[in-house]
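The basis for the numbers below is simple: all heavy atoms, side chains too, and nothing from hydrogens, waters or symmetry mates.
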Amino acid sequence: MRIGIYPGSFDPLTNGHLDIIDRAKRICDKLIVAIANNIAKNPLFSVDERVEIIKNCCGVGDNIEVVAYNGLLAEYCVKQNVSFIIRGLRSTTDFEYEYSIAAVNRLLAKDTDTLFFMTRGEFSHISSNMVKDVARYGGDINALVPQFVLKKIQQKFQ
């Protein structure tokens, strides 16, 4: 069974994330969307809220599972028998950063490869931090996030 994992903070989930999830689930028998529980990032949404958001927006079904994890991704991959880690790239800067992480993950989880998906052009400018910044100042984020996420963000900033 080919198990893929798409890790991230997903704070908030963006249309770029959804695009990667949609493309990744086509190459996996099972795709785990794994939310990193990193409170050092001062998240807008709790882990439970992010799980709810992703489940709502992805139509979780037979081959998608949404989980939160603590600790090293590589250790989680070994425990879950993950075949490959999915990472989205927006630019060459992302590649340089992600390449280093992939090399360390390969040392720690020898049977797990990293697959890079280039973000579609229309999503290459979207980042979760940018979405939060625009929303915080009342800007229009309709084209950046799913409607369910838009409503959740609006509730946070009311």
Could you tell me the separation between the [atom1] atom of [X] and the [atom2] atom of [Y], rounded to the nearest 0.5 Å?
{"X": "Lys25", "Y": "Cys58", "atom1": "NZ", "atom2": "SG", "answer": "7.0 Å"}
{"X": "Leu13", "Y": "Ile35", "atom1": "CG", "atom2": "CD1", "answer": "9.0 Å"}
{"X": "His17", "Y": "Ile53", "atom1": "NE2", "atom2": "CD1", "answer": "12.0 Å"}

Show the nearest heavy-atom pair for residues [X] and [Y], with the distance to one decimal.
{"X": "Ala109", "Y": "Ala74", "result": "CB-O, 3.8 Å"}
{"X": "Ala135", "Y": "Ile141", "result": "CB-CD1, 3.9 Å"}
{"X": "Phe148", "Y": "Cys57", "result": "CB-SG, 4.0 Å"}
{"X": "Leu73", "Y": "Pro7", "result": "CD2-CG, 3.6 Å"}
{"X": "Ala143", "Y": "Asn15", "result": "O-ND2, 3.0 Å"}

Q. Which pairs with one or both residues in residues 80-91 pass salt bridge (charged side-chain N to carboxylate O under 4.0 Å, His left out), sequence neighbours excluded?
A. Arg87-Glu98, Arg90-Asp94
Q: Name all pairs fulfilling the salt bridge (charged side-chain N to carboxylate O under 4.0 Å, His left out) condition that reach into residues 143-158, sequence neighbours left out, sorted by first residue then second.
A: Glu49-Lys156, Glu52-Lys152
**Q.** side-chain hydrogen bond (donor to acceptor under 3.5 Å, both in side chains) involving Lys30 - partner list, sequence neighbours excluded
**A.** Glu65
(Q) Please enumerate all residues that pass side-chain hydrogen bond (donor to acceptor under 3.5 Å, both in side chains) together with Asn142, with sequence neighbours excluded. (A) Asp140, Gln147
Q.
Considering only residues two or more places apart or on different chains, which pairs with a residue in residues 126-136 satisfy side-chain hydrogen bond (donor to acceptor under 3.5 Å, both in side chains)?
A. Asp11-Lys132, Asp133-Arg136
Q | Pairs involving residues 70-84, ordered by first then second residue, that meet side-chain hydrogen bond (donor to acceptor under 3.5 Å, both in side chains) (sequence neighbours left out) | A | Asn37-Asn70
Q. Under a single-linkage rule joining Ile, Leu, Val, Met, Phe, Trp and Tyr whose side-chain heavy atoms are separated by less than 4.5 Å, which residues share a cluster with Leu72?
A. Val104, Leu108
**Q.** Remaining members of hydrophobic cluster (4.5 Å side-chain criterion), Val78
**A.** none
**Q.** side-chain contact (heavy atoms from CB on, under 4.5 Å) between Leu115 and Ile85, worked out
**A.** CA-CA 6 Å; Leu115 301 179; Ile85 300 166; over 6 Å; no
In chain order, what residues pass the side-chain contact (heavy atoms from CB on, under 4.5 Å) check against [X], with sequence neighbours excluded?
{"X": "Asp29", "result": "Met1, Arg2"}
{"X": "Ala36", "result": "Tyr69"}
{"X": "Arg120", "result": "Asp19, Arg23, Arg26, Glu122, Phe123"}
{"X": "Gln158", "result": "none"}

Q: Using the side-chain contact (heavy atoms from CB on, under 4.5 Å) rule, pick out the option among Thr114, Asp113, Asp111 that qualifies with Arg106.
A: Asp113
Q: Kindly determine whether Cys77 and Asn105 satisfy side-chain contact (heavy atoms from CB on, under 4.5 Å), including the steps that lead there.
A: CA-CA 9 Å; Cys77 289; Asn105 283 335; over 6 Å; no
Would you kindly confirm whether [X] and [Y] end up in one hydrophobic cluster when ILVMFWY residues are joined by side chain heavy atoms under 4.5 Å apart?
{"X": "Leu89", "Y": "Phe84", "value": "no"}
{"X": "Val149", "Y": "Val33", "value": "yes"}
{"X": "Ile21", "Y": "Val82", "value": "no"}
{"X": "Ile5", "Y": "Ile64", "value": "no"}
{"X": "Ile32", "Y": "Ile54", "value": "no"}

(Q) Between Arg50 and Phe45 (side chain of the first, backbone of the second, donor and acceptor by atom type, cut-off under 3.5 Å), is there such a pair? (A) yes
Q.
Strictly distance-based, threshold 3.5 Å: is any side-chain N or O of Thr14 a donor or acceptor partner for the main-chain N or O of Ile126?
A. no
Q. Looking at Phe95, Tyr6, Tyr99, which one forms a ring-ring contact (aromatic ring centres under 6.0 Å, His included) with Phe116?
A. Phe95
**Q.** Note, Cys28 side chain near Ile3 side chain (heavy atom, < 4.5 Å)
**A.** no
